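What follows is a short report on a single structure.
In this text, all values refer to a predicted model and were calculated from it rather than measured experimentally.
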Amino acid sequence: AACYRRALELDPDFAEAHSNLALLRLEQGGAEDAAVCFRKLLALRPNDAAAHNGLGRALKRQGRIEEAVASYRRAIDLRPDFPDAQVNLGAALRELGHFVEAEAAQRQVLRSAPDARAWFELSHCRKFAEADRPLVCEIGAALENPGLSDQDRSLLHFALGKICDDLADYSAAIGHFDKANRLGAGDAQFDAQEFSAAVDWLIDAFPKPSPQDQAASDSQLPLLIVGMPRSGTTLVEQILASHPQVAAGGELDFWLQNSGWVGKQCIAALDPVAARKVADDYLALLAGIGPTARRVTDKMPHNFLFLGLVHHLFPAARILHCRRDPRDTALSIYFTRFAQGHDFAFRRADIVAYYRQYRRLMAHWRAVLPPGRMLELDYESLIGDENAIRALVAFCGLEWDEACRDFHHTARPVATAAAWQVRQPLYRSSVGRWRHYEPWLGELRELETDR
């Protein structure tokens, strides 16, 4: 990155340097910087289809999905035979809830070549029925290509697993999910002992708050939605986002990026100036998402790691802890292809180890956080009782709004694996789903009594 920046100092019109720096910043997670670089490139090459596609990727990473769609469409206008932009367009349309158009975009790619990403995206555009069974053979044929990478094979097996699950062919589905995870794991390794030690440190570092603790902010703007992945966090955010006084932030990585400043200090030693700076930065982020909102959600599930820090800085903030039958949660994790940061998700034993540390840490927060700061929501109750939805809205300090009951009509980008599910009316088919896979649970069976 430094070399590219130096090249651009020497020659500000060096298009390849703008392009390379933009792609590198995308890899590094710097979506805003990448967007700036792509825009500079497009000022030099306004008809560069690859640059429009890259700008779309950067915008999508920032949650600016409608703008990303416009960039992808421009790329395709300039280069109609551009499968990567077409797949990206379909993926963005799926996040916006335009499932028919999203599927059409992927099918257009597949008419030319058996693209693994296109098959994967298509498999998540709807629930498949018996009439769709020929797709199993089509994707199976794509797997016969000897030149496929392990990651492409993993995508195809995830697609087949999803479709076979929809078709109630559970034996075939679990076989594909096993292959998908084995191929998709790559070099990913989850260190259970290291994670256990990290939880030990968090428990020691964040004891029960003292009345003498100095709060960095008394704001009630943040609404943190935490829990295991696939535990109902997207559903809870969709319900709340339907309220006119709530803005949805999605999965923000703020606390993951800003928790390192705590270092190895305990709460008593935290620098109040640094604490105030982090609190102000977080509030500025949330205010940018919902300038007029009374509450802004942050539904990064892994924020359960940082609840001690969050409460120390925002003692008035509300925390929503999503819980679901651990076997359903674990299987749903195993059936999901995560983008990154989920090294525990590829192996049953690792999912069990991660879940048990999560449960241990949540028991600590439950014991030390003051009453009334955290509401624990059981997925099974939430989908079966409107009173649970009403209690959720009341806990957030908001008046009831009928839109919260009809949350599936709320139009907003949903960038998680639950993009299709949260746009359907409440259904109970996901409760007890593990029973379909009981013969193949393996180590996940150990979670039977965990909650």
Practice task
Please answer whether the main-chain N or O of Ser123 pairs with a side-chain N or O of Lys162 as donor and acceptor at a distance below 3.5 Å.
Solution key: yes
Handout entry: Side-chain donor or acceptor of Thr233 paired with backbone N/O of Pro229 under 3.5 Å
Key = no
Problem - Gap separating the CD1 atom of Ile239 from the OG1 atom of Thr297, nearest 0.5 angstrom - result: 12.0 Å
Handout entry: Leu224 side chain near Phe304 side chain, heavy-atom distance below 4.5 Å
Key = no
Exercise for the section: Heavy atoms only: give me the nearest Glu251-Pro301 pair and the separation to one decimal. Expected result: OE2-CD, 3.7 Å
Practice task
Taking His124 for its side chain and Ala159 for its backbone only, find out whether a donor-acceptor pair lies under 3.5 Å.
Solution key: no
Handout entry: Worked verdict on Arg117 versus Asp115 for salt bridge (Lys or Arg N to Asp or Glu O under 4.0 Å)
Key = CA-CA 6 Å; Arg117 280 186 62 217; Asp115 186 282; 5.7 Å; no
Fill in the blank from the handout: Correct closest heavy-atom pair for Cys322 and Tyr358 would be O-OH, 3.8 Å
Practice task
Measure the CD-SG distance between Glu386 and Cys404 for me, rounded to the nearest 0.5 Å.
Solution key: 10.0 Å
Practice task
Anything under 30° is parallel, anything over 60° is perpendicular, the rest tilted; go ahead and classify Phe206 against Trp201.
Solution key: perpendicular
Exercise for the section: Answer whether the closest heavy-atom distance between the side chains of Leu447 and Thr329 falls below 4.5 Å. Expected result: no
If you look only at distance, which donor and acceptor atoms sit under 3.5 Å apart when one is on a side chain in residues 106-113 and the other is two or more places apart or in another chain?
| residue | atom | partner | partner atom | Å |
| --- | --- | --- | --- | --- |
| Gln106 | NE2 | Val87 | O | 3.1 |
| Arg107 | NE | Glu103 | OE2 | 3.0 |
| Arg107 | NH2 | Glu103 | OE2 | 3.0 |

Problem - Which atom of Ala22 lies closest to which atom of Cys37, heavy atoms considered - result: CB-CB, 3.5 Å
Handout entry: Note, Asn53 side chain near Phe38 side chain (heavy atom, < 4.5 Å)
Key = no
Practice task
Compare all side-chain heavy atoms of Ser196 with those of Arg360 and state whether any distance is below 4.5 angstrom.
Solution key: yes
Practice task
Kindly say whether Ala403 contributes a backbone atom to a donor-acceptor pair with the side chain of Asp401 at under 3.5 angstrom?
Solution key: yes
Exercise for the section: With rounding to the nearest 0.5 Å, note down the distance linking CE in Met374 to CG in Leu307. Expected result: 7.0 Å
Practice task
Answer yes or no: does atom CD of Glu130 have more than 12 heavy-atom neighbours from other residues, nucleotides or ligands under 6.0 Å?
Solution key: yes
Exercise for the section: Verify side-chain contact (heavy atoms from CB on, under 4.5 Å) between Val236 and Tyr379, making sure each step is shown before the conclusion. Expected result: CA-CA 9 Å; Val236 169; Tyr379 176 80; over 6 Å; no
Handout entry: pair Tyr72-Arg57: side-chain heavy atoms closer than 4.5 Å
Key = yes
Problem - Salt-bridge contact Arg64-Glu32 (side-chain N to carboxylate O under 4.0 Å) - result: no
Exercise for the section: For Leu375 and Cys396, run side-chain contact (heavy atoms from CB on, under 4.5 Å): C-alpha distance rounded to whole Å, both residues' side-chain angles, the deciding distance at 0.1 Å, then the answer. Expected result: CA-CA 9 Å; Leu375 177 66; Cys396 296; over 6 Å; no
Handout entry: Exercise: do Asn47 and Arg74 side chains pair donor with acceptor under 3.5 Å
Key = yes
Practice task
Walk me through it: do Leu252 and Met300 pass the test side-chain contact (heavy atoms from CB on, under 4.5 Å)?
Solution key: CA-CA 6 Å; Leu252 305 176; Met300 175 61 77; 5.6 Å; no
Practice task
For residues Glu67 and Gln62, determine if any side-chain heavy atom of one lies less than 4.5 Å from a side-chain heavy atom of the other.
Solution key: no
Exercise for the section: May I ask you to decide if Asp325's main-chain N or O and Glu380's side chain share a donor-acceptor pair within less than 3.5 Å? Expected result: yes
Practice task
State whether the side chain of Arg126 and the backbone N or O of Phe99 hold a donor-acceptor pair below 3.5 Å, judged by distance alone.
Solution key: no
Practice task
Of all the heavy-atom pairs spanning Phe314 and Pro222, show the shortest one and how long it is.
Solution key: CD2-CG, 4.1 Å
Problem - Side-chain H-bond candidate by donor/acceptor type, Asp298 with Tyr282, under 3.5 Å - result: yes
Completion exercise
For Ala35 and Ala58, the nearest pair of non-hydrogen atoms, with its separation, is N-CB, 3.8 Å
Practice task
Given side-chain contact (heavy atoms from CB on, under 4.5 Å), test Asp328 with Arg433 step by step and report yes or no.
Solution key: CA-CA 6 Å; Asp328 284 337; Arg433 184 186 186 194; 3.6 Å; yes
Practice task
Name the orientation class of the two ring planes belonging to Tyr354 and Phe195 (parallel below 30°, tilted from 30 to 60°, perpendicular beyond 60°).
Solution key: parallel
Handout entry: Ion pair Asp132/Lys127, N-O distance below 4.0 Å
Key = no
Handout entry: Any Arg295 side-chain heavy atom under 4.5 Å of Arg318 side chain
Key = yes
Completion exercise
side-chain contact (heavy atoms from CB on, under 4.5 Å) with Trp119: of Leu143, Asp152, Leu156, Leu155, only one passes, and it is Leu156
Completion exercise
Taken to the nearest 0.5 Å, the spacing of Arg359 CZ from Arg366 CZ works out to 10.0 Å
Handout entry: Parallel, tilted or perpendicular, as decided by the 30° and 60° cut-offs, for the rings of Phe335 and Phe177
Key = parallel
Fill in the blank from the handout: Output for pair (Leu305 CG, Trp365 CH2), nearest 0.5 Å, gives 8.5 Å
Exercise for the section: Can you see which heavy atom on Ala49 is nearest to which on Phe82, and at what distance? Expected result: O-CE1, 3.6 Å
Fill in the blank from the handout: To the nearest 0.5 Å, atom CD1 of Ile174 lies from atom NE2 of His176 at 11.0 Å
Practice task
Kindly indicate whether the side chain of Arg347, heavy atoms from C-beta on, has any atom under 4.5 Å from the side chain of Phe190.
Solution key: no
Practice task
Inspect the contact between Arg73 and Asp77 and indicate whether a charged nitrogen and a carboxylate oxygen are less than 4.0 angstrom apart.
Solution key: no
Problem - Residues forming a salt bridge (charged side-chain N to carboxylate O under 4.0 Å, His left out) with Asp169, sequence neighbours excluded - result: Arg133
